[in-house]
Structures are given as structure tokens and as C-alpha cells.
Amino acid sequence: MSAEVRDADTVKVTTADAEAELGRLIADVRFHATERQKAILIYLAEKQIAGCDDSTKAYAIAIDVLGRPSGFDPSTDPIVRIEMSRLRSAVSNYYEAFGVEGDVVIGLPKGRYVADFNRVFLPAEVGDLERGEEIAAEEPELTSGSSPAHGFRMSARAALFAIAGAIVAAGAGATLYGRQPVFTQQPVVAISIQAADDDLRGEASQTRDLLLTALTRFQTLTVSASAPPPPSSRLGVYRVEMKYYSDGDERMVWWQVLDGRAQDVLRSGIERVEADGRTPVAARAELVAILARRFAATRGVINNIELHETSSASLGNACVLRAEYLVDEGGSGDMAQMADCLGRTIAADPLDTDAMATLSRLLLAPAGAATDPAIMRRAIALANRAVSLAPLSDRAQMALMAAHFFSERTEAAIGAGNRALALNPNNPEVSAKLALVLYFSGFWEAGSSLAQDAGRSVDSMPRDAQLVLALDAYRSNDWSEASLLAEQINFGDDLVRAIRAASLGELGSDQAKGRLADLRASSPGFESDLFRKLEARGVKPSITASLEAGLTKAGASFTSRGVAVAD
């Protein structure tokens, strides 16, 4: 039935429908908003349902919801604006990822503190749009000054593209002055899955829903359940098409990543898991974890494409990705240039918590003079602000973990790392970095176990996980395994080079002297400050002492606590 012949009564949002959608959204575990943000949403929605059409004041939200004192001044305390911005993102991301389950959608228009309830008609209009038919011009536009009891009206075209348009608008609003570098946004990804046969439709649908939730936890992508938004020079747009198979106890997904504009196939592959006596639910959960890592991890397929397709001068998300790679490589690169890129990104968008968290970690990278008090204070401030603005961000929690660890607050560091892991258990970077903190803190088994988890189902094991496994093999006197694992770490710093030389020294290998020469070349006089350098990284003295023993066998000369003696 075309839009123009609908009776006007059918486009009203009743109080019951509004309350039902509000309750459903708040209760949905896939809706990633903090309790404080949910309280704001409920507060605004109840005002609208009660017929209060005026925009609520920031002061009222601060006093009634956030518990601020009566002297609260919104001009000096931006907490309401910040929480509303995060709430809008959470609501937008939810509907973009999971669509509208009924026919009512909640909107939070920018510039006002109100909650709108809009009636959305999808079945007929989607078909019309797919056939290229125009929706009648007489379809009434959304009326924003009415309560649900008075009814809301919006066009089907607006309903279908409101969220996508908001994403594009956000990219357009990030324009820098003049001809400065492009400010890039996170890539937008549309997800679809088909069953290989009719009997698997239910499993395929459940796998898709689980995958959408897992992808949104990464917060590295803007996930869409349907078509991506219109092309934008500042947004990478992709489609991920999958087919779900089952063969006995094996569950398998064939996938391909397509360019959302040209529809060219960029990557493809097959992921499979064996049930091995587990339930189909458990097997699907493992499959989803593999797919989520494949698509959304920092070194996953889509971010890898983004990294190589964007200009090295770009700000925003491209800068964050480049900096994360640099941090994972141990800070071996132009750190000053990357710090400048992240700083300019934050200046352009003071609420970019990804840039804050990444800059904090960059400052604390081994080559970044983490022991400098001024640098340490800045890194801690950036991490704290990132967490305060985005408490559900695993990136922010990882930054706080590093800041606490280098401040010798081990318990707080482990707490932040566990929060990051709870927020996104599928992120190999979280597992790897928490593994390193645990291992350096003396929790050998926990650190080693997490490092092994980080290495599962990824093309490239995170460097920190490789380092933990190499150290664990060395600590266990498995010198051959330690040497092999250390050689596989592509980005060698002093600690990695020390493991290589010490392992060969313990084995009595003729190659030990060559590896010791590599260490001396990269760090002249290392024997005089090995303990100091490793202590600054948080390495336990027992680990350093064991490395010293192997290095001595390789030909190094130490006195007590790493003071060198003449050869």
C-alpha cells in the first residue's frame, strides 16, 4: 500500500507504543549505553510521553538525573553536553546495527535535549525504494512539536536514511579550516549473511545478530544492518557478504569484503570451527569471535585496508590506526609526527576519545621516554579523560591500564585491563596487552594463557602476546622455543634482542655472539643500564636476572645490578 493512501491515524505513535519501544531499547543488552546515559534517555522520553514538547534544559538534566548540586553551571561544566553526545551515538549505532524491530524509532535531535518517537513504515517503502519508485511528495514530514499522543509523521525515505545521513553529516561537520588534511571517520560496514540451505536459516540469522553485537564492541567500525550510507570522501564504505554452512559437527562461513562504492571484492576467505562435542550455540560463539577479529580488529581486514588507502597526512581515524600500529611495533618510528597528528585530531574534535587513548599509549611506548614526569602526567591525563568520556571504550581502558602500569600502580592497571577485556573479549590487542601487564607483574600462568588467547584466529599475533610467550618459554628453560619465538617477532627492541641473544647463550650456540652484537649495535653500553631500562618497562627483577645469566653465557659482561666491567 503506497504511503499517500494511508489513513492519518495509522502514522500516530501512541503512548503505549512509545513506552514499549523505550522499555525494549533500555532492556536490550545490545544497546551499549552507560547507566547514566540510559537514565537521561528515560528522563527525556518520559517528559515527551507526558506531553512536554519543549526542549529540556541542561540544568534540569544535571540536577534531576546526574545529581549535580543546585549551583551547577552548564557554561563551565559540559557534562550534560558530553553525555548527550555519547547517548546520541549509542542510540544511532544501535538502530544502524540492528534496525527497527517494530515500527517505532527513538530519535535524539542535535541542538535540543528532547527524545522523539517516530513511526517508521518499512515493508512497502523498502520494496518501493528497491524498485526505484518515488514516495509520494504528499507524505507528511516529521512533526517535532508533538507528543506521542498527538502523533508523529515522517516520510519512508527519511526513516530509511535518517541514521545513515546522520553519520555522513557527522563526517561533513568535521571539516578543518582551509585546505588542511582530511579528517577521516571510522569506516561504515554493512553486514549480510545467507544460509546455504533453508534448514540453516535460523542458525545463520542468530550468527548475524551475534556478529553485529561483537563488531559494535570493537568500536573501530560503524556497523550497519543494511545498505551503507551514501559515499563520502571522509568515510570508508564496505559491504561484508557471508554464506553460512553446516557439515555435521563443522560450522563454516564463507565471506567477502566489497568496496561499498565500486562493489569490487577486496578480500575473501573461509572461517570454520568444529563442534567437538560442544553445543551448536558454543560453536557459533567461537565462529563469531573469529569473524569479529577478522573484520574489526586493528590489524583486521577492514582496518588494514583503511590504513593503506588513506593519506599519511589524514587526521582522525586514519591517524589513530597509524599510531596504533606504531605502538604495537614498540614505538619504532616517527613518534613525534604521530603525536602531532593525534594532537591535531584532538584539537579538531575535543571529544575524540580514540585519539586521546592512542596518544596516551603512544607517549608511554618504550621509545617514548615514558619515565619523563611531564610525559607521564600528560599520558595519565589523556587516559583519564578518555575513560571519563567513554567508559565503555576498550581503547580508553587499555590506555588507562598502561598509564597505571607505568605509574607502578599494578593493581589499578590490572583492574583497567580486566574492564577492557570484559567490554570486548574478542579484541586480541586487549588480551595481548593485559597478558604483558600480568606477566611483568609476576602472574606467569595468567599472562601466558591470555597471550595464547590473543594469538588464536588472527593472521598476525599481537607483538605483546609474542613477547609474553617468548619470555615464558625462556623462564621455563625451553631455550630453543624461546629463541624461535623471539626470532618471529618482527619488531625488535632491546628486550626482544636480549631474549634472542640470551636464549642462544643458554644453548651454547655459535650464533649467540652475533645476536649479542646486534644488541650492542642497537643499544651501545646496554650492559651498564639493562636493569634500568627493563625496570622502566615494568619487567620483574627475576626476569631480568635470568636474561642476564643467558647474556653472560653469550659473552656479555655484568657486575651486580647490571654495572658493566671491562672485557
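Along the sequence shown, the residues carry numbers beginning at 1. Reckoned from all heavy atoms, side chains included, excluding hydrogens, waters and symmetry mates.
- Residues satisfying the side chain to side chain contact (heavy atoms under 4.5 Å, CB included) criterion with Ala214, sequence neighbours excluded, are Val288, Ala292, Asn426.
- For Glu250, the salt bridge (Lys or Arg N to Asp or Glu O under 4.0 Å) criterion is met by Arg272, not counting sequence neighbours.
- For Arg267, the salt bridge (Lys or Arg N to Asp or Glu O under 4.0 Å) criterion is met by no residue, not counting sequence neighbours.
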Is there a salt bridge (charged side-chain N to carboxylate O under 4.0 Å, His left out) between Arg251 and Glu203? Walk through the geometry before answering.
CA-CA 10 Å; Arg251 298 295 185 272; Glu203 286 193 30; 3.0 Å; yes
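- Pairs of residues two or more places apart, or lying in two chains, never qualify as disulfide (SG to SG under 2.5 Å) while including a residue from residues 279-308.
- The shortest non-hydrogen separation linking Arg208 to Ile191 is NE-O, 4.2 Å.
- Applying the side chain to side chain contact (heavy atoms under 4.5 Å, CB included) rule to Ala482 yields the partners Ala473, Tyr474, Ser503; only residues at least two apart in sequence or on another chain are considered.
- Contacts of Asp209 classified as salt bridge (Lys or Arg N to Asp or Glu O under 4.0 Å), with partners at least two apart in sequence or in another chain: none.
- Listed by chain and residue number, Tyr439, Trp444, Asp472 satisfy the side chain to side chain contact (heavy atoms under 4.5 Å, CB included) test with Arg475 (two or more places apart in sequence, or in another chain).
- Arg30 places no side-chain N or O within 3.5 Å of a backbone atom of Thr213 that could act as its donor or acceptor partner.
- A search for salt bridge (Lys or Arg N to Asp or Glu O under 4.0 Å) contacts involving Glu271 returns Arg294, not counting sequence neighbours.
- Annotation: side chain to side chain donor-acceptor pair (under 3.5 Å) contacts of Glu487 (sequence neighbours excluded): Arg515.
- Pairs engaging residues 346-360 under the salt bridge (Lys or Arg N to Asp or Glu O under 4.0 Å) rule: Asp354-Arg395 [sequence neighbours left out].
- Counting heavy atoms from C-beta on, the side chains of Ser85 and Leu389 never come closer than 4.5 Å.
- Take Gln256 and apply the side chain to side chain contact (heavy atoms under 4.5 Å, CB included) test, not counting sequence neighbours, and it matches Glu241, Trp254, Leu258, Val265, Ser268.
- Within the structure, every pair that satisfies the salt bridge (Lys or Arg N to Asp or Glu O under 4.0 Å) test and touches residues 184-198, not counting sequence neighbours, is listed here: Asp198-Arg201.
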